[in-house]
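The figures that follow rest on heavy atoms only: side chains count, while hydrogens, waters and symmetry mates do not. Chain letters run A, B, ... following the sequence lines, proteins first and then strands; every chain starts at 1.
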Protein chains: 2
Amino acid sequence: MANQAAGGGHRTAPVHTDPEDVSVQTALSAVADPVRMQLIRELAGSADWSRSCGSFDVPVGKAALSHHFSVLRGAGLVEQRDEGPKRVNRLRREEFEARFPGLLDLVLRGDSTR
Amino acid sequence: MANQAAGGGHRTAPVHTDPEDVSVQTALSAVADPVRMQLIRELAGSADWSRSCGSFDVPVGKAALSHHFSVLRGAGLVEQRDEGPKRVNRLRREEFEARFPGLLDLVLRGDSTR
DNA sequence: CCGAGTGTTCGATGCGTATCTTACAGTCCG
DNA sequence: CGGACTGTAAGATACGCATCGAACACTCGG
């Protein structure tokens, strides 16, 4: 009876927003932040559900990190699921791409290509 | 000998940034602002060089407006030219599109499609 | 040459938000 | 059960940035 997910979570279950219900404004603001950009990039380079929130290499504390994930959820960019004590993530590639064509690619390509 | 442009301008000539020299960060931040988004949309719906800075329907004063145009120039989104006492604008569609594929379309499509 | 029109610069202000610290609420393992 | 680990919530702080008002610079038409 190990990984049961869903059931408990932490205090409350993560609230998700469908990309279809996200405004361009919100999406762009969410993405136009250095820390969140980094999160998205790392997330894109990992398998779905393989990364817990704390496993990212960003220069902010847990609290701020939690906030950023909240913003990403609100923008329909990230889906979360509770897996034991950890909250694991998945990048909503296709759904987000369908709503905001090209945007994710832009973030992922980043400046690395230049 | 009417419109001679270039020559004088106001105090200094407008400083432009090539889209190629703009970071994704900068581009996204520039675009992720309601007022600037509006400017871009109106600009996209007008012929090149047909709109002076003051001719846009945005709810901010001249000072703020000037600031926004400065940001847009810095992001490689807008080109300006002095024409008499006015400063007229042009959206750098192709150049910007080449550097940030899809981004401009995204802003222009906006929420109108939903 | 003066006045109207246009846009920039400067200084000050207000608000949003990213951040930290601390406290708390869960989950799991020994 | 008790402690380690993970993430969220709440309160405080700091900084960026959008905004405004006023002063200035430049152009053009009478």
Side-chain angles (χ1 to χ4, degrees), chain A residues 1-16 25-26 28-39 43 49-75 78-89, chain B residues 1-16 25-26 28-39 43 49-75 78-89:
Chain A
M1 62 298 269
N3 34 15
Q4 251 255 312
H10 289 59
R11 203 173 305 200
T12 62
V15 180
H16 291 110
Q25 250 294 312
T26 302
L28 289 176
S29 303
V31 142
D33 175 279
V35 174
R36 289 194 285 268
M37 242 192 246
Q38 179 62 23
L39 292 177
L43 208 42
W49 311 120
S50 70
R51 306 287 303 267
S52 69
C53 293
S55 73
F56 292 83
D57 187 28
V58 287
V60 299
K62 306 193 301 178
L65 193 54
S66 183
H67 164 66
H68 284 302
F69 273 107
S70 163
V71 172
L72 289 177
R73 281 199 314 268
V78 165
E79 188 178 359
Q80 296 185 313
R81 175 210 293 174
D82 286 340
E83 203 159 280
K86 311 195 171 179
R87 184 159 280 192
V88 291
N89 303 275
Chain B
M1 66 301 263
N3 34 15
Q4 252 254 311
H10 289 60
R11 201 173 309 198
T12 62
V15 180
H16 291 112
Q25 251 293 312
T26 302
L28 290 176
S29 303
V31 142
D33 175 279
V35 174
R36 289 194 286 266
M37 243 192 247
Q38 180 61 25
L39 292 177
L43 207 42
W49 311 120
S50 70
R51 306 288 302 267
S52 69
C53 293
S55 73
F56 292 83
D57 184 27
V58 287
V60 299
K62 305 191 303 178
L65 192 54
S66 183
H67 163 67
H68 285 302
F69 273 108
S70 163
V71 172
L72 290 177
R73 281 200 313 269
V78 164
E79 189 178 359
Q80 296 186 313
R81 177 208 293 173
D82 286 339
E83 203 158 280
K86 311 196 171 181
R87 186 159 278 191
V88 292
N89 302 276

Tell me whether the side-chain N/O atoms of B/Ser66 come closer than 4.0 Å to OP1 or OP2 in C/dT9. no
Between CD of A/Gln38 and C1' of C/dT19 the distance, given in whole Å, is 18 Å
Under 4.0 Å between a side-chain N/O of B/Arg87 and OP1 or OP2 of C/dT6, yes or no? no
What's touching nucleotides 15-19 of chain D from the protein side, N or O pairs under 3.5 Å?
| from | atom 1 | to | atom 2 | distance (Å) |
| --- | --- | --- | --- | --- |
| D/dA18 | OP1 | B/Arg36 | NH2 | 3.3 |
| D/dA18 | OP2 | B/His67 | NE2 | 2.6 |
| D/dT19 | OP2 | B/His68 | NE2 | 2.2 |

With sequence neighbours excluded, residues passing side chain to side chain contact (heavy atoms under 4.5 Å, CB included) with A/Gln25: A/Ser23, A/Ser29, B/Pro34, B/Met37
With side chain to side chain donor-acceptor pair (under 3.5 Å) as the rule and sequence neighbours excluded, what pairs involving residues 54-66 of chain A come up? A/Arg51-A/Ser55
Whether the side chain of B/Arg81 engages the backbone of B/Val88 through a donor-acceptor N/O pair (distance < 3.5 Å, no angle test) should be reported. no
Please determine if a side-chain N or O atom of B/Ser52 lies less than 4.0 Å away from the OP1 or OP2 oxygen of C/dG7. yes
A/Pro85 has a side chain; which of C/dT27, D/dT8, C/dT8 sits nearest to it? C/dT27
Could I get the full list of side chain to side chain contact (heavy atoms under 4.5 Å, CB included) partners for B/Gln80, not counting sequence neighbours? B/Pro14, B/His16, B/Cys53, B/Phe69, B/Arg73, B/Val78, B/Arg87, B/Asn89
Does A/Ser70 have any side-chain hydrogen bond (donor to acceptor under 3.5 Å, both in side chains) partners at least two apart in sequence or in another chain, and if so, which? none
Of all heavy-atom pairs between A/Gly54 and A/Leu65, which one has the smallest distance, and what is that distance? CA-CD2, 4.3 Å
When all nucleic acid strands are considered with a 4.0 Å heavy-atom cut-off, which category describes B/Ser70: base, sugar-phosphate, or nothing? nothing
What are the two closest heavy atoms between B/Gly74 and B/Thr26, and how far apart are they? O-CG2, 4.3 Å
Euclidean distance, atom CZ of residue B/Arg81 to atom P of D/dT27 [Å, nearest integer]: 16 Å
Of all the nucleotides listed (C/dT6, C/dT27, D/dT8), which has the minimum atom distance to the side chain of B/Lys62? C/dT6
What protein N or O atoms touch nucleotides 12-14 of chain C N or O atoms at under 3.5 angstrom, if any, and at what distances?
none

Is there side-chain contact between B/Val31 and B/Arg36, with at least one heavy-atom pair below 4.5 Å? no
Nearest-angstrom distance from the residue atom CZ of A/Arg51 to P of D/dG7: 11 Å
A/Phe56 CZ to D/dT6 P, in whole Å, measures 14 Å
dist A/Thr12:OG1 -> A/Asp82:CG (nearest 0.5 Å) comes out at 9.0 Å
Spacing of B/Glu83 atom CD relative to C/dG5 atom P, expressed in whole Å: 19 Å
